[in-house]
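Below: one structure, written as structure tokens.
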Amino acid sequence: MVPPLHAVIVACPLQGHFNPTMNLAELLAMRGFFITFVTTEWIDERLLKAASKDAAARDREIQERGFKFRFIAIPDGLPLEHGRTSDVGELWLALQSLGPALESVLTVTDKSVPPITCIISDSYLSCTAEVAKNLGVPRVIFWTNCTAYATIQKNANFLLSLGYIPVKEEDLKSKDKLITCLPGKIPPIRPTDIVSFLREKYISEVIYRLTLYESRFQNIADYVLINTFEELEGGKDAQIGLRVNGCPAVAIGPVFLPNFLQGRNSMYSMWEEDKTCFQWLDAQLQGSVLYVSFGSMALKSEKQLHELALGLEACGYPFLWVLRSDIAEGKSLDLPEGFKDRTKDRALIVSWTNQLKVLSHPSIGGFLTHSGWNSTLEAISMGIPMIGWPYFGDQFLNCRFVKDVWNVGLDFEGVDVDEFKLVTKEIVESTIRSIMEGSIRTKLCENVARLKEAAHKAVMEGGTSYTNLNTFVEDMQKIAKSRV
Ligand code: UDP
């Protein structure tokens, strides 16, 4: 008999990390795992508030699905008024000290909870390494980035030893400097692909040091799961570079897709979702709308947002624009005079929405995105061509791969070298035209349709991601059996 499996899943309290981690938790709960889902009080409260429900209602919903699941929220040690996402460095620093609190909640005796089989940790939570060691259970790392980026990040200290890091200004500008020394079958990497926090200009900032620090702990693992799919990233061999001491490293994504395909919710938002936009989308022509959104953290100057607004106006397409209240570098934003009036018949501006539902709507024809990994994977899975406009972290690599490796999108020249480069309204307009009409669009649509099909196949029964996740479950069963 197989003893009950119990995964402790520790989520990073950021929108782009929490959502895939929650979807992974559900995939494992569906496969019979008892799940202890740990996150911080701050994000837990925000998610419940955004969904207008209390913890009891959430527990009831999850039990109705037949899951064995408990949520645990621990304090992150930051003061209540701290912005968290507005100072990721400080948040990250606080997360490094979560270990003792995590360990103490996991060692409370509770007879209704099976013994822990493994700790599944977001790849940026170094604190879980010590906890897994103290509890004597395997540490499973979950990457919410693509394989190529994760391989760079895991090997950041190696790249430092070779002099590629800190990334110098002249290397960023050089188009032919390629890095080919990384393990795993990933395409050659450019200096602009390396995590932006490791650029020379950030060398004295806390985020530079933290990125290198976390990299050490990304090399402590017994199993590695990645939210990507093999058909996108060079087959099974691509993930080899993420193995730690030969442990398995497998692609299991897109993790939101199984829920989505079965018509269930697969989005856990930190902001209340605007629902009016779906009625508006219903009234638009098929493939005619440009969706504009820069994820949960990217910021832009007011001057840049004005150029963007005027470019959107000039291109003439209907557009749905997610304008987070803090996007203008935290200040309140005044759009160009008369802009709202002039575009009111073909534009809708909302502060947050259910992006997956939007991207899957038939009226969406293109996506102007900050190239976060979730947004990229979601657009690919829904077959939508993109314009990438990266802001930080892995977004530069995602954007370049979308354009050069997968050929499913375009970008704005020069923003990979200087993320603050002003993109003029003329460039915005002409690039939007290229993804919304003409021969470039046709090619991009063909390519993204192929990848969409591959993504759907990967998560369905018999698909690569589906099978890899089942193998993971079997491996955890072996571990649980060996302990009896
Ligand atoms: N998202 C959403 N509604 C919005 C904007 C974004 O649901 O109005 C979701 C999006 O679907 C994605 C996540 O927020 O799952 C953003 O993650 P990503 O990795 O793209 O970017 P990040 O926010 O981490 O920079």
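All residue numbers in this chain count up from 1 along the given sequence. Atoms within each ligand, like the ligands themselves, are counted from 1 in listed order.
Residue contacts with ligand 1: Ala298 is excluded, as none of its non-hydrogen atoms falls under 4.0 Å. Contact annotation: Gln395 has at least one heavy atom less than 4.0 Å from an atom of ligand 1.
For Asn354, no nitrogen or oxygen atom sits less than 3.5 Å from a nitrogen or oxygen atom of ligand 1, counting backbone and side chain alike. The shortest N or O to N or O distance between Thr353 and ligand 1 is under 3.5 Å.
Of the listed residues (Trp373, Trp352, Phe256), the one carrying the non-hydrogen atom nearest atom 9 (C) of ligand 1 is Trp352. The closest non-hydrogen atom to atom 23 (O) of ligand 1, taken over Gly295, Ser371, Ser296, comes from Ser296. Among Gln355, Gln15, His370, the residue whose heavy atom lies nearest to atom 13 (C) of ligand 1 is Gln15.
Between Trp373 and Tyr149, the ring center distance fails the sub-6.0 Å criterion. Residues His361 and Phe278 keep their aromatic ring centres 6.0 Å or farther apart. Residues Tyr213 and Phe217 place their aromatic rings such that the two centres sit under 6.0 Å apart. Aromatic rings from Tyr223 and Phe472 are positioned such that their centres are separated by under 6.0 Å. If you look at Phe37 and Phe18, their ring centroids are closer than 6.0 Å.
Annotation: atom 19 (O) of ligand 1 to nearest protein heavy atom, Asn374 ND2, 2.8 Å. Given atom 11 (O) of ligand 1, the protein heavy atom at minimum distance is Glu378 OE1, 2.6 Å.
Other residues, nucleotides and ligands place more than 12 heavy atoms under 6.0 Å from the CD atom of Glu446.
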